[in-house]
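Each remark here refers to the structure printed beneath this line.
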Protein chains: 2
Amino acid sequence: MGTASKALSLLNYFSRAQSQIGLSDLARLSGMNKATVYRLMGELADHGFVEQVGAGREYRLGPAFLRLAALREKAVPMRELALAELTKLSELTGETSHMSLLNGEVLSNLAYSYAHKHGTMVMMEDAEVLELHSTGSGLAVLAFSPAPFVDAVLNKPLVVRTPETVTDPEAIRALLPKIREHGMARSVGGYEQDVYSHAVPIFDAGSNCIGAIAVAAPVSRMTDELRSTIQTELALAARRTTRVLGGFPPDSFPKINPTDSPVESELT
Amino acid sequence: MGTASKALSLLNYFSRAQSQIGLSDLARLSGMNKATVYRLMGELADHGFVEQVGAGREYRLGPAFLRLAALREKAVPMRELALAELTKLSELTGETSHMSLLNGEVLSNLAYSYAHKHGTMVMMEDAEVLELHSTGSGLAVLAFSPAPFVDAVLNKPLVVRTPETVTDPEAIRALLPKIREHGMARSVGGYEQDVYSHAVPIFDAGSNCIGAIAVAAPVSRMTDELRSTIQTELALAARRTTRVLGGFPPDSFPKINPTDSPVESELT
DNA sequence: ACCGATGGTTCGAATATTGAACCGATGCAA
DNA sequence: TTGCATCGGTTCAATATTCGAACCATCGGT
């Protein structure tokens with residue numbers, strides 16, 4: 001691994017849960033020598049990628065990301081475009097919709113939209129991390145990812161989120177062909193209890209799966225009619241999103257056909 | 001310079017104007033060897049900090065910044081807090097307000113707010129670059145920055161933006177004591193013609209100047225009354241912003257005194 | 001066919017990185 | 001107070017990584 005990669009990988013230890021990390025902790029987490037971490041963090045700090053805070057001299061992510069994110073968004077308005085699609089999708093379905101991008105072996109949330117139709121909503125946050133095995137979006141991504149990647153993900157210990165979380169690699173693997181066939185994944189309560197989620201993968205210009213767009217509704221509100229609406233609108237929105245981001249679904253991806261019956265319940 | 005710094009510095013060549021850069025261009029711009037740039041960009045790409053696009057294999061900033069910016073904003077909601085202050089400030093003044101952060105030897109815009117009171121407004125964009133010598137915000141920052149930094153900035157060639165741009169280092173230096181005295185800078189048409197701009201510096205927890213907050217109005221709309229309103233509200237808003245971001249003005253920074261007369265015109 | 005440009009690759013020489021040990025400061029328990 | 005364990009930070013010789021000139025293959029224009 002190159003030095004630059006080591007420096008960059010240090011940034012991955014910052015999360016919503018742990019936004020400040022001390023030198024020794026960071027050395028422990030990364031397995032690198034304290035002196036190495038010290039030097040690398042110093043370089044990151046010089047460029048504003050991290051900053052040291054207060055007395056404990058702990059590190060946290062720096063302001064440079066705001067600038068670079070704005071530049072990225074100016075060059076490739078992914079978030080803006082996704083948000084436009086999500087807003088429509090939430091209006092049409094009356095439920096929370098969100099888009100997340102594959103980052104390593106997890107998804108991180110890029111954007112979301114609430115419908116303000118009901119008193120209760122599935123909540124969502126930017127940069128929230130979604131696991132591949134326990135979420136609808138994750139399953140959608142797994143189903144359209146290369147086999148070695150799927151193996152790598154499923155061979156690691158799979159965290160139990162709720163009593164409904166499926167953690168048997170083979171059971172998960174068995175879901176994928178159907179998801180591929182329908183172009184849509186579903187997860188009921190696997191990540192958060194009482195959340196019924198549909199998800200469709202999003203592809204880049206090389207037809208690689210880069211993330212997913214999903215609609216999440218409370219289980220208690222799910223009816224055949226809502227399910228049908230979600231499945232129809234989600235498939236359309238995802239297709240538009242892929243196209244508007246400059247991507248193409250792979251040839252194997254099922255075409256949308258208005259006469260198709262909605263995805264059957266055996267998807268779960 | 002360490003390897004990590006070299007990799008990170010490559011990111012600085014991406015701008016609003018040049019969002020995609022080829023390998024050879026990047027090597028030229030950075031003065032590094034092509035092989036070096038190739039390897040470093042590969043590492044950056046592995047982490048999603050850049051991505052290669054289409055046929056030309058040019059590089060552009062990657063999606064990782066969206067994630068990290070969201071994390072940063074979650075940990076330190078600078079942008080959100082600044083935006084709240086700017087919104088108030090624009091409402092009170094009826095003009096465009098914005099906040100920018102010092103990044104190296106330039107300012108980059110963090111957030112802005114329009115007032116929707118008039119048909120014409122000074123326009124602003126996120127991540128827009130403001131030079132230190134030609135903008136009100138820049139002068140405010142220079143006035144409260146360490147002398148060696150000021151020297152470094154003013155010893156470089158100073159770009160002429162408009163016929164009103166002051167490019168004589170000594171003339172600029174001569175403005176700084178008054179700005180320090182008033183805690184406020186002013187620039188008329190120095191960056192964009194017909195823009196009349198007031199700016200106040202923002203400080204971090206160590207009383208270092210980290211940026212500025214500014215109100216920009218069309219020259220044609222500037223009256224004594226508007227000037228007075230802007231100066232009063234801007235000073236208050238900047239003070240609140242510094243505090244809300246966890247910072248402190250240096251002891252030398254002038255206190256706000258309601259009985260003070262507004263900044264006199266000799267500031268220009 | 002040529003030219004000059006591009007992105008990408010190679011390999012010995014040059015140099016930056018590494019990590020154990022060390023430092024002073026701080027905080028906690030006895 | 002003493003002692004111990006932690007912290008952030010520093011040193012320096014050993015070494016592993018990076019560097020860069022030169023080299024490809026490819027492309028587009030003349």
Side-chain angles (χ1 to χ4, degrees), chain A residues 1-15 17-63 75-76 204-208 246, chain B residues 1-15 17-62 72 75-76 204-208 246:
Chain A
M1 182 162 48
T3 308
S5 287
K6 286 184 197 169
L8 298 177
S9 71
L10 287 172
L11 297 171
N12 290 327
Y13 296 102
F14 296 91
S15 66
Q18 193 170 21
S19 65
Q20 301 194 6
I21 314 183
L23 177 61
S24 297
D25 274 346
L26 213 37
R28 261 190 295 279
L29 285 169
S30 64
M32 300 181 204
N33 188 281
K34 199 160 47 120
T36 304
V37 174
Y38 177 71
R39 197 167 32 76
L40 294 179
M41 292 307 280
E43 297 198 48
L44 288 170
D46 288 342
H47 291 263
F49 284 69
V50 300
E51 61 186 10
Q52 278 182 292
V53 59
R57 314 240 67 195
E58 293 194 315
Y59 297 90
R60 69 179 176 201
L61 295 177
V76 192
D204 71 5
S207 291
N208 308 113
Chain B
M1 181 164 51
T3 308
S5 286
K6 287 184 196 169
L8 297 177
S9 71
L10 287 173
L11 297 171
N12 289 327
Y13 297 101
F14 295 90
S15 67
Q18 194 169 21
S19 66
Q20 301 195 4
I21 314 184
L23 176 61
S24 297
D25 274 346
L26 213 38
R28 260 190 298 278
L29 284 168
S30 64
M32 299 181 206
N33 188 282
K34 202 160 45 120
T36 304
V37 175
Y38 177 71
R39 197 167 31 76
L40 294 178
M41 292 307 279
E43 295 197 52
L44 288 170
D46 287 344
H47 291 262
F49 284 69
V50 299
E51 60 186 11
Q52 278 181 293
V53 58
R57 314 240 65 195
E58 292 194 314
Y59 297 90
R60 69 179 179 202
L61 295 177
R72 155 77 186 187
V76 192
D204 70 7
S207 292
N208 308 112

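Values below: all heavy atoms of this structure, side chains included; hydrogens, waters and symmetry mates excluded. Chain A is the first sequence line, chain B the second, and so forth, proteins listed ahead of strands; every chain is numbered from 1.
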Q) Side chain of Q52(A), backbone of R57(A): donor and acceptor closer than 3.5 Å? A) yes
(Q) Please give me the minimum heavy-atom distance between Y13(A) and L29(A), naming the atom from each residue. (A) OH-O, 3.6 Å
Q: Using the test side-chain hydrogen bond (donor to acceptor under 3.5 Å, both in side chains), find all partners of R28(A) that sit at least two apart in sequence or belong to another chain.
A: D25(A)
Q | Spacing between L10(B) atom CG and dC19(D) atom C1', to the nearest angstrom | A | 14 Å
Q | Near-strand residues of residues 31-49 of chain B, defined as heavy-atom separation under 4.0 angstrom from DNA chain D | A | N33(B), A35(B), T36(B), R39(B)
Q.
Looking at every heavy atom in both F14(B) and I21(B), which two are closest together, and how far apart are they?
A. CE2-CG1, 3.8 Å
Q: Determine the minimum heavy-atom distance between P63(A) and E51(A), stating which atoms define it.
A: CD-OE1, 3.6 Å
Q: Grab the two heavy atoms, one from A7(A) and one from A4(B), that are nearest each other, plus how far apart they are.
A: CB-CB, 3.7 Å
Q: Strictly below 4.0 Å, heavy-atom distances to any atom of DNA chain D: list the hits from residues 2-9 of chain A, or just say none.
A: G2(A), T3(A)
Q: Kindly write out the residues that satisfy side-chain hydrogen bond (donor to acceptor under 3.5 Å, both in side chains) with R39(B), not counting sequence neighbours, or none if the list is empty.
A: none
Q: Compare every heavy atom of Y59(B) with every heavy atom of V50(B), then report the nearest pair and how far apart it is.
A: CG2-CD2, 4.1 Å
Q | Heavy-atom pair with the smallest gap, counting every atom of M32(A) and S9(A) | A | CE-OG, 3.8 Å
**Q.** By side-chain hydrogen bond (donor to acceptor under 3.5 Å, both in side chains) - contacts of Q18(B) (at least two apart)
**A.** none
**Q.** Close side-chain approach of L8(B) to L8(A), heavy-atom, < 4.5 Å
**A.** yes
Q: Just report the end-to-end axis angle for the helix from dA1(C)-dT30(D) to dA30(C)-dT1(D), five pairs per end, to 10 degrees.
A: 40°
Q. Among pairs that include at least one residue of residues 1-12 of chain B, which meet salt bridge (charged side-chain N to carboxylate O under 4.0 Å, His left out), considering only residues two or more places apart or in two chains?
A. none
Q: Using chain B heavy atoms and a threshold of under 4.0 Å, write down where along DNA chain C the contacts begin and end, 5' to 3'.
A: dT6(C) to dT17(C)
Q: For Q52(B), answer base if it contacts any base atom (sugar-phosphate contacts may also be present), sugar-phosphate if it contacts only those atoms, and nothing otherwise; contact means non-hydrogen atoms under 4.0 Å.
A: sugar-phosphate
Q | side-chain contact (heavy atoms from CB on, under 4.5 Å) against A27(A), all qualifying residues, sequence neighbours excluded | A | K34(A), V37(A)
Q) Who pairs with N208(B) by side-chain contact (heavy atoms from CB on, under 4.5 Å), at least two apart in sequence or on another chain? A) D204(B)
Using distance only, find each side-chain donor-acceptor pair of residues 40-47 of chain A under 3.5 Å and give its atom names and separation, not counting sequence neighbours.
unit_1 : atom_1 : unit_2 : atom_2 : d
E43(A) : OE1    : S5(B)  : N      : 2.6
E43(A) : OE1    : S5(B)  : OG     : 2.6

(Q) Within the 4.0 Å limit for protein heavy atoms, which parts of nucleotides 25-30 of chain D are touched? Write it as a string from 5' to 3', B for base, S for sugar-phosphate only, - for none. (A) ------
